[in-house]
Amino acid sequence: QVQLVESGGGSVQAGGSLRLSCATSGYTYGRNCMGWFRQAPGKEREGVAGIYTGSDSTDQSTYYADSVKGRFTISQDNAKNTVYLHMNTLRPEDTAMYYCAAGGSWPCSRTSTYNYWGQGTQVTVSS
């Protein structure tokens, strides 16, 4: 059974940083995407960042939404079965529930391609 558990959310002031973690169990990395999505109240869930791993663990590609390029970085630690989202220079508009997802297809940005989802972790950025 695949399980995804997010952590690291919280409340920060604009300009601050957070690191989200997604610990996975029962999931096999390879030829698929791990992704981070977010959903603000009253809005649709949107892709934030994704990382595609090919058949070789060193073969990786990343995707970022335009709104977070240059501020957020996604990384994957296969030894720890964990995916991270490093978020810098946070803005109030980044406030949302952030979800980790697994099993997606490239380009990692579409919710419909993912098979597994975590419960989410809240990020609140104040001005």
Side-chain angles (χ1 to χ4, degrees):
Q1 183 179 0
V2 176
Q3 290 187 320
L4 310 177
V5 179
E6 302 100 330
S7 61
S11 298
V12 296
Q13 290 190 329
S17 299
L18 284 173
R19 187 186 74 167
L20 305 184
S21 300
C22 174
T24 68
S25 60
Y27 179 73
T28 302
Y29 296 87
R31 296 183 178 179
N32 47 39
C33 293
M34 291 292 299
W36 285 97
F37 293 78
R38 66 186 181 188
Q39 188 167 18
K43 294 188 176 182
E44 292 188 354
R45 191 170 297 188
E46 63 175 358
V48 175
I51 185 165
Y52 176 86
T53 302
S55 54
D56 185 329
S57 61
T58 62
D59 177 19
Q60 293 184 335
S61 299
T62 55
Y63 149 82
Y64 295 97
D66 288 342
S67 58
V68 306
K69 282 181 181 177
R71 300 189 298 124
F72 290 11
T73 302
I74 187 170
S75 63
Q76 183 172 295
D77 186 333
N78 292 337
K80 296 182 178 180
N81 293 325
T82 301
V83 177
Y84 303 97
L85 184 67
H86 306 260
M87 306 187 295
N88 297 318
T89 320
L90 283 162
R91 304 168 180 169
E93 53 263 41
D94 294 318
T95 296
M97 184 71 79
Y98 282 70
Y99 298 90
C100 175
S105 302
W106 183 257
C108 303
S109 58
R110 295 173 298 197
T111 58
S112 60
T113 69
Y114 284 84
N115 298 316
Y116 308 102
W117 293 84
Q119 295 300 308
T121 185
Q122 178 68 37
V123 172
T124 302
V125 184
S126 58
S127 58

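In what follows, residues are counted from 1 in the order of the sequence shown. Worth knowing before you read on, the calculation uses all heavy atoms, side chains too, and leaves out hydrogens, waters and symmetry mates.
A donor-acceptor pair under 3.5 Å links the side-chain atoms of Tyr27 to the main chain of Gly103, judged by distance alone. In terms of modelled atom types and a separation under 3.5 Å, the side chain of Glu6 and the main chain of Thr121 share no donor-acceptor contact.
Between Gln13 atom CD and Thr124 atom OG1 the span is 12.5 Å, to the nearest 0.5 Å. If you take CG on Leu20 and CH2 on Trp36, they are separated by 4.5 Å, rounding to the nearest 0.5 Å. Rounding to the nearest 0.5 Å places OG1 of Thr111 at 9.5 Å from CD of Gln39. In this structure, Met34 CE and Leu85 CG are separated by 11.5 Å, a value rounded to the nearest 0.5 Å. Annotation: the span from Thr53 atom OG1 to Asp59 atom CG amounts to 8.0 Å, rounded to 0.5 Å. In this structure, Trp106 CH2 and Thr62 OG1 are separated by 6.5 Å, a value rounded to the nearest 0.5 Å.
Residues Ala40 and Ala96 share a closest heavy-atom pair of N-CB, 3.9 Å. The shortest non-hydrogen separation linking Cys33 to Tyr114 is CB-OH, 3.4 Å. Taking all atoms of both residues into account, the shortest heavy-atom contact from Thr82 to Lys80 is OG1-O, 2.8 Å. Nearest heavy-atom pair across Gly47 and Ala65 is O-CB, 3.4 Å. Here the closest heavy-atom approach between residue Cys108 and residue Gly50 is recorded as CB-CA, 3.8 Å.
If you chain together hydrophobic residues whose side chains sit under 4.5 Å apart, Ile74 and Trp117 never meet in one group. Phe37 and Met87 are assigned to two separate hydrophobic clusters, defined by single-linkage of ILVMFWY side chains at heavy-atom distances under 4.5 Å. Placement of Val83 and Val2 within a single hydrophobic cluster is found when ILVMFWY residues are connected by side-chain heavy-atom separations under 4.5 Å, directly or transitively. Residues Leu90 and Val48 are members of one and the same hydrophobic cluster, defined by side-chain heavy-atom contacts under 4.5 angstrom among Ile, Leu, Val, Met, Phe, Trp and Tyr. Residues Tyr116 and Ile51 are members of one and the same hydrophobic cluster, defined by side-chain heavy-atom contacts under 4.5 angstrom among Ile, Leu, Val, Met, Phe, Trp and Tyr.
A salt bridge does not link Arg91 to Asp94: none of the charged nitrogens lies less than 4.0 Å from a carboxylate oxygen.
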Task: Derivation and outcome, side-chain contact (heavy atoms from CB on, under 4.5 Å), residues Arg38 and Glu46 - done: CA-CA 6 Å; Arg38 66 186 181 188; Glu46 63 175 358; 2.7 Å; yes

- [ ] Decide yes or no on side-chain contact (heavy atoms from CB on, under 4.5 Å) for Tyr84 and Thr73, but give the supporting numbers first.
- [x] CA-CA 8 Å; Tyr84 303 97; Thr73 302; over 6 Å; no

Task: Stepwise side-chain contact (heavy atoms from CB on, under 4.5 Å) check, Arg31 with Tyr52 - done: CA-CA 7 Å; Arg31 296 183 178 179; Tyr52 176 86; 3.9 Å; yes

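Residues Ser17 and Arg19 are not in side-chain contact: their nearest non-hydrogen atoms beyond the backbone lie 4.5 Å or more apart.
More than 12 heavy atoms of other residues, nucleotides or ligands lie within 6.0 Å of CD in Gln122, so this atom counts as buried by the packing criterion.
A tilted orientation is assigned to the rings of Phe72 and Tyr98, their planes being inclined by 30° to 60°.
For the 3.5 Å distance criterion, the side chains of Thr24 and Tyr29 qualify, holding a donor opposite an acceptor.
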